[in-house]
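One structure below.
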Amino acid sequence: MTTLALRAASFRSPALAGPLLKGPLPAWIALYVNVMPFQGTSLLPIPHPLGQAIAQGSLLAALLLAILANPGMVLRPNAFLTLLTAMAVLAVTVSIHNEFVVGSTYRAVRLLLFVLVLWVLTPWWGRNDLPLLRAHLLCLRVILALVWLGALVAPGVAFSFEGRLSGTIWPIVPPQVAHYAAILLGCTAVLWFSRVVSGRTMLITLVAGAATLVATHTRTGLLAVVLGLIVGGGSLFVGHARVRRTMAVGFLSAFVVWTVFSPVIVSWLTRGQSSQDLAQLTGRTKVWDAVAERRTTTVQEIFGTGLGDKSFGGLPIDSNWVATHVELGRLGVALVVAFLLAILLTALTRPAGPRRAIALFIVVYCITASYTETGMGDASPYLLDLTVAAALVAVPPRIARRPVTAEPGVGTNRGQPTRAVSP
């Protein structure tokens, strides 16, 4: 019996023996590539069809890598992903009735697979070593490094978008570049407030992030990161003297800078636009008015028309709430509000600390930026940001202990207690 048991143990499959990958980093990198569509041309000799295939094919790679890291398919139930799954199911249900059924259904199925990958990564939620946050910040650092490398190699191409910094090695539009810089800057600042990262790391991130925000000329991203830091840092205000000193110095410095350089700041904010352009948010309100005046049925008003390219009449909608209302209806907007509230309310129930502060920063940032950007109604960097926020405020996993049932004569003796191991 002992010999047979030992032989059976030696032929166990890798899935039973343990994960083939340690941690969620490979899957998270693939997810990031998936939400960075290949739009435009690259300095590298990458044909446009190949770039699109890389971005879209990385979703299946992410699913495979996530399963290799979690071969037992252990899932942790949570409100955020439950609501996100409901939104994905709604998208599939509505998209199969879209006028452009193939493209719309393809987008909806990809959203469903995207959510599935997030479910497979739930074992890393709530852990003290913050694996998802570390993977997230690593991806952001690599993206910004590639953006600035492209700017150094070909500055004319990098600033060809109305003088705004864009990605050239992997094509990234200026608002998305600003988004990555803002999230990296805000999360690192909160970690520095809590003395988790060193002053050197904070200084490098501050210089790179601030320079990126200025170079991209993205007003919404700048406002969002300021509001996010006020809320996230404010949650640490009582227990951290560094936060109190930094906020005092920050408000005083902002007052002095505005007093001295207000003409330059106003010129930067206006970007040479007329008062009419500013009032119309660079033409966005025209599209929003056209969306509001369109004729829809009751079913379309409630459930939407299905996922599309976030445009109306050939023009970009550039608003998460308007785009979600068009594609997923009032129900889709309600689901987005629900999972934002789920993260926010969960964060408020957690003790003060860097985990709660970063979650609050991300939620406030995404809510502010969603006014003039799309993303929370489809697979996007915004959903990855919110997933990190939800993982930070999740309840730490409890490691159950159970006795191991041993074969007679294998590993135990009669009358001796069996040892307990983690599952």
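No hydrogens, no waters, no symmetry mates; every other heavy atom, side chains included, goes into these values.
Between F339 and F80, the two ring planes are perpendicular [angle over 60°; tilted spans 30° to 60°]. Using cut-offs of 30° and 60° for the angle between ring planes, the H179 and Y382 rings count as tilted.
Under 3.5 Å, the side chains of T372 and T220 contain a donor-acceptor pair of N or O atoms. For the 3.5 Å distance criterion, the side chains of T346 and T349 fail to qualify, holding no donor opposite an acceptor. A side-chain donor from one of E301 and T296 sits under 3.5 Å from a side-chain acceptor of the other. Counted by atom type alone, T201 and W192 present zero donor-acceptor pairs between their side chains at under 3.5 Å. Of the N and O atoms on the side chains of S380 and D378, not one donor lies less than 3.5 Å from an acceptor on the other residue.
Within the 4.5 Å cutoff, the side chain of T41 has no heavy atoms near those of the H48 side chain. Using a 4.5 Å heavy-atom threshold, the side chains of L118 and L384 count as touching. Residues M36 and Q176 form no side-chain contact, since every pair of their non-hydrogen atoms from C-beta on lies 4.5 Å or further apart. The side-chain heavy atoms of R164 and T218, taken from C-beta on, include a pair separated by under 4.5 Å. Side chains of W125 and L81 form a contact here, defined as non-hydrogen atoms less than 4.5 Å apart. Two residues are said to be in side-chain contact when any heavy atoms from C-beta on lie closer than 4.5 Å; V322 and F312 fail this criterion. Proximity of V393 to R355: side-chain heavy atoms (C-beta onward) are nowhere separated by under 4.5 Å.
The CG atom of L392 sits 10.0 Å away from atom CD1 of I343, with the distance rounded to the nearest 0.5 Å. For the atom pair CE (M73) and CG (L116), the distance works out to 6.0 Å, reported to the nearest 0.5 Å. Separation of atoms SG (C187) and OH (Y365) is listed at 10.5 Å; rounding is to 0.5 Å.
Ring to ring, F303 and H97 are not that close: their centroids are 6.0 angstrom or more apart.
S166 and V147 make their closest contact through O-CG1, 4.1 Å (heavy atoms, listed as atom of the first residue, atom of the second, distance).
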Pair Y371, W288 - check ring pair (Phe, Tyr, Trp, His ring centres under 6.0 Å), show working. CA-CA 11 Å; Y371 185 66; W288 300 348; 5.5 Å; yes

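Side-chain atoms of N70 do not come within 3.5 Å of backbone N or O of L121 as any donor-acceptor pair. Side chain of T246 to main chain of V243: no donor-acceptor pair is present (N/O by atom type, distance under 3.5 Å, no hydrogens or angles).
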